[in-house]
Amino acid sequence: MKLFVDTGSVKEIEPLTALGLLDGATTNPSLMAKEGGDPRAIIRQICGLVQGPVSAEVVATDADGMIREGRDLAGIDPHVVVKVPFTRAGVAACRTLASEGIRVNVTLIFSAPQAWLAAKVGAAYVSPFVGRLDDIGMTGMHLIQEIVDLFSHAGYATEVLVASVRNPVHVVEAGRMGAHVVTCPPAIIDQLFKHPLTDIGLEKFLKDWQKAQGAKA
Ligand code: E4P
């Protein structure tokens, strides 16, 4: 399973690329709005750092506007994947952009039929939002299982990109279900590193080592 980072912050991405952990990045208008500055320049910088697929989202709501914006975003860097919301206009835009060889990530997916329609028009990725489903008392990961099953039976090339990830359990379940990609905010990637027994174990190893060195001296 590939790991993408879900942020518009170059500062947050830099240390992760240095570790060699990232396969790509996702942004959205809310994340980009937090950064200020020139969004195109930020996307270009993220592409340079990640050297993998970087989703940049359109803000137009009509198909023609999405197509225009999508072409423009795709022109920023060859790593850009154009993100469109799942609406009728988004589906139409996806179809056109995909037919031009532009990779499209259809976002705000909350049901398996939506994912299926996006795959039918050539989406490279679909982004089901698991955390937001959990927030309304549903089980977001059930949707991932449904979409993974549906795509594997139908043989679609569309990748399931698990989004709105809120905890490490989402990440592990995504992998076990056969999702292709998980996109995590940097804080969740941080959590993936942590285990108290690792900290306790390391502390004990070092203490024992130092005690032995002291005894030898
Ligand atoms: C996905 O690409 C979105 O940017 C993101 O995962 C949304 O997550 P949220 O529900 O935490 O805003």
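Every number for a ligand or one of its atoms is a count from 1 in the order of the listing. Heavy atoms only: backbone and side chains are in, while hydrogens, waters and symmetry mates are out. What you see is a predicted model; the values in this text were computed from it and never measured.
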- Identity and distance of the protein heavy atom lying nearest atom 5 (C) of ligand 1: Asp6 OD2, 2.9 Å
- Query: For atom 8 (O) of ligand 1, what's the nearest protein heavy atom and its distance?
  - Reply: Ser164 CA, 3.4 Å
- Subset of ligand 1 atoms that lie under 4.0 Å from at least one heavy atom of Thr26: 2 (O)
- Message: Can you give me the closest heavy-atom contact between Leu22 and Phe4, atom names plus distance?
- Response: CD2-C, 4.3 Å
- Is Thr107 in contact with ligand 1, taking contact as a heavy-atom separation below 4.0 Å? no
- Just by modelled atom types, is the Val81 backbone N or O under 3.5 Å from a matching donor or acceptor in the Asn105 side chain? no
- Any N or O of Ser127 closer than 3.5 Å to N or O of ligand 1: no
- Starting from atom 7 (C) of ligand 1, which protein heavy atom do you reach first, and at what distance in Å? Phe129 CE2, 3.5 Å
- Message: For ligand 1, which is the ligand I care about here, please tell me if Asn28 has any N or O atom under 3.5 Å from one of the ligand's N or O atoms.
- Response: yes
- Looking only at distance, does Arg132 have an N or O less than 3.5 Å from an N or O of ligand 1? yes
- ILVMFWY cluster, Ile188 and Val130 together (side-chain gap under 4.5 Å): yes
- At a 4.0 Å threshold, what atoms of ligand 1 neighbour a non-hydrogen atom of Ala163? 1 (C), 6 (O)
- Task: Kindly compute the distance separating CD (Glu146) from OG (Ser111), expressed to the nearest 0.5 Å.
- Result: 8.5 Å
- Item | Electrostatic pair Asp199-Lys194, nearest N-O below 4.0 angstrom | no
- Query: Looking only at protein heavy atoms, which one is nearest to atom 2 (O) of ligand 1, and how far off is it?
  - Reply: Lys83 NZ, 2.6 Å
- Message: Does Tyr125 form a side chain to side chain contact (heavy atoms under 4.5 Å, CB included) with Val160? I'd like the steps, not just the answer.
- Response: CA-CA 6 Å; Tyr125 303 93; Val160 181; over 6 Å; no
- Lys204 and Asp208 ion-paired at < 4.0 Å: yes
- So, do Val182 and His170 sit near enough that their side-chain heavy atoms are less than 4.5 Å apart? no
- Message: Looking at ligand 1, would Arg166 count as a contact under a 4.0 Å heavy-atom criterion?
- Response: yes
